*Asks:* 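The structure's right below; bear with me while I get my questions together.
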Amino acid sequence: MQFRLLENKGTPKWEISRWTYSPEKKRAIKETLGSFPCYYSMVSRDILDKCTTQEKAEVLEWWRVTSEAVNRERVRSQVTKLPVIFKDLETLLDVIQDNPEDLAELKNHAYALKEAVSKVVRRKSRQQKNQEAVNSVPA
């Protein structure tokens, strides 16, 4: 199996292909199974339908590892941008002191951020409890 990132001018895509031996041509030929945009949350069903059971397992494992790495990088880049965000907030607070409508809008965004952070913390806590429960089950 071969996994390639195609950096088109538009949306970047993943291309999945395999190499098979062609007796007629007496050489290996590349068979492209398909491609899908990088922002997809799962490998395209059309591609998986063309795969053997072993190839499906390989594609799904590749996708699991790749998406975890992408998510880690996304979180890392967001964390490194936080100090800049706080500097921007300081500037924003200076600007909106005279305008109550801007302050109300900022409060709405602050509540949304607080809610999003709470959801992530609850989910991580549940995952950790589930993992601890799985680890504590006697074999």
Side-chain angles (χ1 to χ4, degrees):
M1 299 300 292
Q2 183 179 18
F3 310 97
R4 286 186 353 162
L5 179 60
L6 305 175
E7 304 236 15
N8 299 348
K9 291 179 181 168
T11 307
K13 293 181 177 187
W14 287 110
E15 178 188 80
I16 300 177
S17 52
R18 66 177 159 211
W19 290 92
T20 53
Y21 180 74
S22 170
E24 308 88 51
K25 296 182 180 181
K26 296 186 178 170
R27 64 181 177 88
I29 56 170
K30 179 180 169 184
E31 178 187 355
T32 301
L33 300 175
S35 62
F36 60 98
C38 290
Y39 62 81
Y40 276 24
S41 61
M42 193 58 211
V43 176
S44 167
R45 174 61 50 198
D46 295 339
I47 294 171
L48 291 175
D49 289 344
K50 296 175 188 173
C51 294
T52 65
T53 304
Q54 183 180 350
E55 288 172 337
K56 262 186 203 173
E58 188 178 341
V59 168
L60 292 175
E61 177 62 13
W62 163 80
W63 182 250
R64 184 188 65 77
V65 170
T66 302
S67 57
E68 283 177 4
V70 167
N71 287 336
R72 270 195 310 275
E73 179 57 28
R74 189 176 296 137
V75 167
R76 189 196 65 72
S77 71
Q78 288 170 353
V79 168
T80 58
K81 291 176 186 172
L82 280 178
V84 175
I85 291 171
F86 288 126
K87 191 183 291 184
D88 290 346
L89 282 177
E90 184 179 331
T91 306
L92 181 62
L93 289 173
D94 290 342
V95 170
I96 64 169
Q97 283 178 343
D98 301 330
N99 192 340
E101 290 123 17
D102 287 346
L103 183 59
E105 185 178 345
L106 183 61
K107 282 182 181 178
N108 288 339
H109 288 298
Y111 290 131
L113 176 62
K114 180 183 176 209
E115 188 176 316
V117 168
S118 295
K119 282 182 182 178
V120 170
V121 169
R122 283 193 303 269
R123 187 182 77 235
K124 288 291 182 189
S125 177
R126 272 195 313 272
Q127 287 174 345
Q128 188 174 4
K129 285 180 185 175
N130 291 343
Q131 188 62 40
E132 288 171 1
V134 167
N135 291 341
S136 67
V137 173

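Reckoned from all heavy atoms, side chains included, excluding hydrogens, waters and symmetry mates. Model, not experiment: these values are computed from the prediction.
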*Asks:* Given side-chain contact (heavy atoms from CB on, under 4.5 Å), test Tyr21 with Lys26 step by step and report yes or no.
*Replies:* CA-CA 7 Å; Tyr21 180 74; Lys26 296 186 178 170; 3.9 Å; yes
*Asks:* Using the test side chain to side chain donor-acceptor pair (under 3.5 Å), find all partners of Gln131 that sit at least two apart in sequence or belong to another chain.
*Replies:* Asn135
*Asks:* Should the heavy atoms of other residues, nucleotides or ligands under 6.0 Å from CD of Gln54 be counted, would the total exceed 12?
*Replies:* no
*Asks:* Donor-acceptor pairs under 3.5 Å, side chain of residues 57-70 to any protein atom, not counting sequence neighbours: which ones?
*Replies:*
residue	atom	partner	partner atom	Å
Glu61	OE1	Arg64	NE	3.1
Glu61	OE2	Arg64	NH2	2.7
Trp62	NE1	Thr66	OG1	3.2
Trp63	NE1	Ser41	O	3.2
Arg64	NH1	Glu68	OE1	3.4
Arg64	NH1	Glu68	OE2	3.0
Thr66	OG1	Trp62	O	2.8
Ser67	OG	Trp63	O	2.8
Ser67	OG	Arg64	O	3.2

*Asks:* Closest approach of Gly34 and Ile47, non-hydrogen atoms and distance?
*Replies:* C-CD1, 3.6 Å
*Asks:* What's the separation between atom CG in Leu5 and atom CD in Glu15, rounded to the nearest 0.5 Å?
*Replies:* 10.5 Å
*Asks:* Using distance only, find each side-chain donor-acceptor pair of residues 118-126 under 3.5 Å and give its atom names and separation, not counting sequence neighbours.
*Replies:*
residue	atom	partner	partner atom	Å
Ser118	OG	Lys114	O	3.0

*Asks:* List in chain and number order the residues that pass side chain to side chain contact (heavy atoms under 4.5 Å, CB included) with Lys56, two or more places apart in sequence or in another chain; answer none if no residue qualifies.
*Replies:* Leu48, Cys51
*Asks:* Using the rule that two of Ile, Leu, Val, Met, Phe, Trp, Tyr join whenever any of their side-chain heavy atoms come within less than 4.5 Å, decide whether Leu33 and Trp19 are in one cluster.
*Replies:* no
*Asks:* With sequence neighbours excluded, what pairs up with Glu24 under the side chain to side chain donor-acceptor pair (under 3.5 Å) test?
*Replies:* Ser22
*Asks:* What residues form a side chain to side chain contact (heavy atoms under 4.5 Å, CB included) with Thr20, not counting sequence neighbours?
*Replies:* Arg18, Ile29, Glu31
*Asks:* To the nearest 0.5 Å, what is the distance between OG (Ser17) and CE (Met1)?
*Replies:* 7.5 Å
*Asks:* Taking a hydrophobic cluster as the set of Ile, Leu, Val, Met, Phe, Trp and Tyr residues connected by side-chain heavy atoms closer than 4.5 Å, whether directly or through intermediates, do Ile16 and Leu6 fall within one such cluster?
*Replies:* no
